[in-house]
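Since the model is a prediction, treat every value here as computed from it, not as a measurement. Numbers here are sequence positions counted from 1.
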Amino acid sequence: MNANVQVDVQRLGREQVVTLKELLAAGVTRSAVDHRRRKHWQEPLPRVFVLHNGPLTWRQKFHAALSYAGPGARLTSLAVLALHGFRDAPAPPSLGTLHVLLPSPLKRRSVSYVKVARARHLPSRPTRVAGFPCVPLPWAVADACAGVLRPGCLYEAVQRHRVGATALREAFRSRQVPVSGELAAVLADLAAGAHSVAEGRARRLIARSGLPDPLWNRDLFLDGEWLCRPDAYWPEHGVVLEVDSVRHHQLGADFQHTTARHARISAAGLCVLPVTPAQLRDAPHRFLSALTQALSHAPYPGVPRVSLGRS
C-alpha cells in the first residue's frame, strides 16, 4: 500500500507531500491513512500529509502550503522574493510565514504558518519560480510592502530583476496597497531612475537643495565609445556622482575596479564626485557642499565629447 502511494506522489512531483483527497483517489482507505498518520506520516496542515515522520524541508513546507490552499493557489509576498534570491528577503528555509493568494471564489482560512488572502483578478497563468506557482514579481513586492515598507526590496526589484517603476506602481494599485509617505517617495526615486536606497537619499537631498537635477543611471559614451554608467550625471556640467558603498566598492578587487573606473572617467575630462551611503546619511550638508563646489567649476572639458545613451 505505501509503495503505491509513493508512486502516485512521485507522479504528482510534490516531494512526498500529498492531500487526503489525492490519497483517497489513489485507493488508500481512510483507516489506512489514520494508521499511517499515527505511526509513519505527519499532517502539518489540515488534510495535507507528508509521507515521512522526520523534519520537513523548506520545499515540503512550501508544497504543503499550496496543497492546503487548493487549486489556483500561488505564493506571494516574501516567499516569492526569497525564491528569487532577494538580498533583503529571508532565505526560503528562514521564512516563518508563507503568504498564499487565492482566486476570489475559493475560501480557505489562514492556519499555522500559512496566511491566505484572496484576489478578484489573478493573472491567467502563474509565474513558476523554483518549481512553485507564484504571483508576478511586482505583485509579490507590493504584498511584501503592504504591512512593512521594504525599500531595499523595491530598489532591488528594479536594479537586479528589471522590474519597471511603472509596473511596481501598477502592482500597488492592483493589490490595493495605499501609496503615500515614504512608499510614495521611494516610487518617485525609482521613477526618476535611482536604483538603491542610497541613490534615493541622494536624489531627495539634491531635489530639496535647489541644485540642478541630474540624470540617473544613464550610459555615457565618449566619442561614440561606451564610457560608463554612473549613478548620476549632470550633462551640462560634466559632473559624475558615484555612490560607492563599502559592501560593493571598497573591498579587494572591487576597490581596484572602482579606482580604475574613477580614473577612466576623470581622464575623459569629467569631474567625479564619490560619496558613500554613510556620508549621505550622516553628513548630508557636507555632501551638498562638495556637490555645489563641483558644479560651480563647470563645464568640465569632457562635456562636448560625452553623449548619452537611451533612457
Side-chain angles (χ1 to χ4, degrees), residues 58 62 74-99 101 123 126-130 132 134-175 177-205 214-219 228-232 241-251 254 257-258 275-281 311:
W58 68 266
F62 278 48
R74 303 173 195 186
L75 295 171
T76 187
S77 191
L78 285 178
V80 178
L81 305 191
L83 290 175
H84 277 282
F86 270 59
R87 297 189 185 103
D88 284 344
S94 301
L95 287 169
T97 301
L98 296 184
H99 292 257
L101 201 58
T127 300
R128 291 213 161 257
V129 184
F132 297 101
C134 301
V135 301
L137 185 53
W139 279 36
V141 173
D143 285 341
C145 292
V148 178
L149 179 61
R150 306 174 191 275
C153 290
L154 287 164
Y155 288 113
E156 189 171 352
V158 172
Q159 185 180 34
R160 290 185 60 217
H161 299 275
R162 300 297 186 265
V163 175
T166 301
L168 275 180
R169 184 175 286 275
E170 178 61 25
F172 279 95
R173 188 196 65 78
S174 297
R175 297 299 299 127
V177 178
V179 175
S180 60
E182 181 68 11
L183 174 57
V186 172
L187 289 175
D189 293 338
L190 291 167
H195 284 178
S196 70
V197 174
E199 289 178 25
R201 181 176 285 115
R203 190 194 77 85
R204 291 182 227 176
L205 287 171
L215 300 175
W216 292 89
N217 291 290
R218 293 284 296 276
D219 288 314
C228 63
R229 185 182 178 90
D231 296 319
L241 176 66
E242 292 277 78
V243 182
D244 297 337
S245 68
V246 173
R247 177 178 177 182
H248 296 297
H249 297 282
Q250 295 184 4
L251 296 174
D254 287 336
H257 175 77
T258 299
V275 66
T276 67
Q279 290 168 337
L280 290 169
R281 183 188 65 241
S311 59

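Closest approach of W216 to A194, counting heavy atoms only: CB-N, 3.9 Å. Contact detail for A140 and L81: the closest heavy-atom pair is CB-CD2, 4.2 Å. Of all heavy-atom pairs between D88 and G152, the closest is OD2-CA, 2.9 Å. Across R175 and A142, no two heavy atoms sit closer than the pair CG-CB, 4.2 Å. In this structure, P178 and L183 approach most closely via the heavy-atom pair O-CD2, 3.4 Å. Between V179 and F172, the closest heavy-atom pair is CG2-CB, 3.8 Å.
Contact check for H161 versus L137: side-chain heavy atoms found under the 4.5 Å cut-off. Put simply, the side chain of L154 reaches to within 4.5 Å of the side chain of C145, judged on heavy atoms. Inter-residue side-chain proximity for V197 and P277 is flagged as unmet; no heavy-atom pair is nearer than 4.5 Å. Within the 4.5 Å cutoff, the side chain of T76 has no heavy atoms near those of the C134 side chain. R201 has its side chain within reach of L205: a pair of non-hydrogen atoms, C-beta onward, lies under 4.5 Å apart. Residues F86 and L78 form no side-chain contact, since every pair of their non-hydrogen atoms from C-beta on lies 4.5 Å or further apart. Between L75 and V135 there is no side-chain heavy-atom pair separated by less than 4.5 Å. A 4.5 Å side-chain heavy-atom check between E156 and R87 finds at least one atom pair inside the cut-off.
Side-chain contact of T276 with D244: a donor-acceptor pair under 3.5 Å is absent, judged by distance alone. A side-chain donor-acceptor contact under 3.5 Å links N217 and E199. Between the side chains of Y155 and D189, at least one donor N or O sits under 3.5 Å from an acceptor N or O.
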Do V275 and L241 pass the side-chain contact (heavy atoms from CB on, under 4.5 Å) test, and can you show the C-alpha distance, the side-chain angles, and the key distance before you say yes or no?
CA-CA 8 Å; V275 66; L241 176 66; 3.7 Å; yes

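Atom CG of L83 sits about 5.5 Å away from atom CH2 of W58, to the nearest 0.5 Å. One finds the CZ atom of F132 at 16.0 Å from the CZ atom of R74 (value rounded to the nearest 0.5 Å). Between S196 atom OG and Q159 atom CD the span is 6.5 Å, to the nearest 0.5 Å. Rounded to the nearest 0.5 Å, atoms CZ (R169) and CG (L190) are 9.5 Å apart.
Within the 3.5 Å criterion, the main-chain N or O of E170 finds a donor-acceptor partner in the side chain of S174.
Ion pair R204/E182 flagged as a salt bridge, since at least one NZ, NE, NH1 or NH2 atom sits closer than 4.0 Å to an Asp/Glu carboxylate oxygen.
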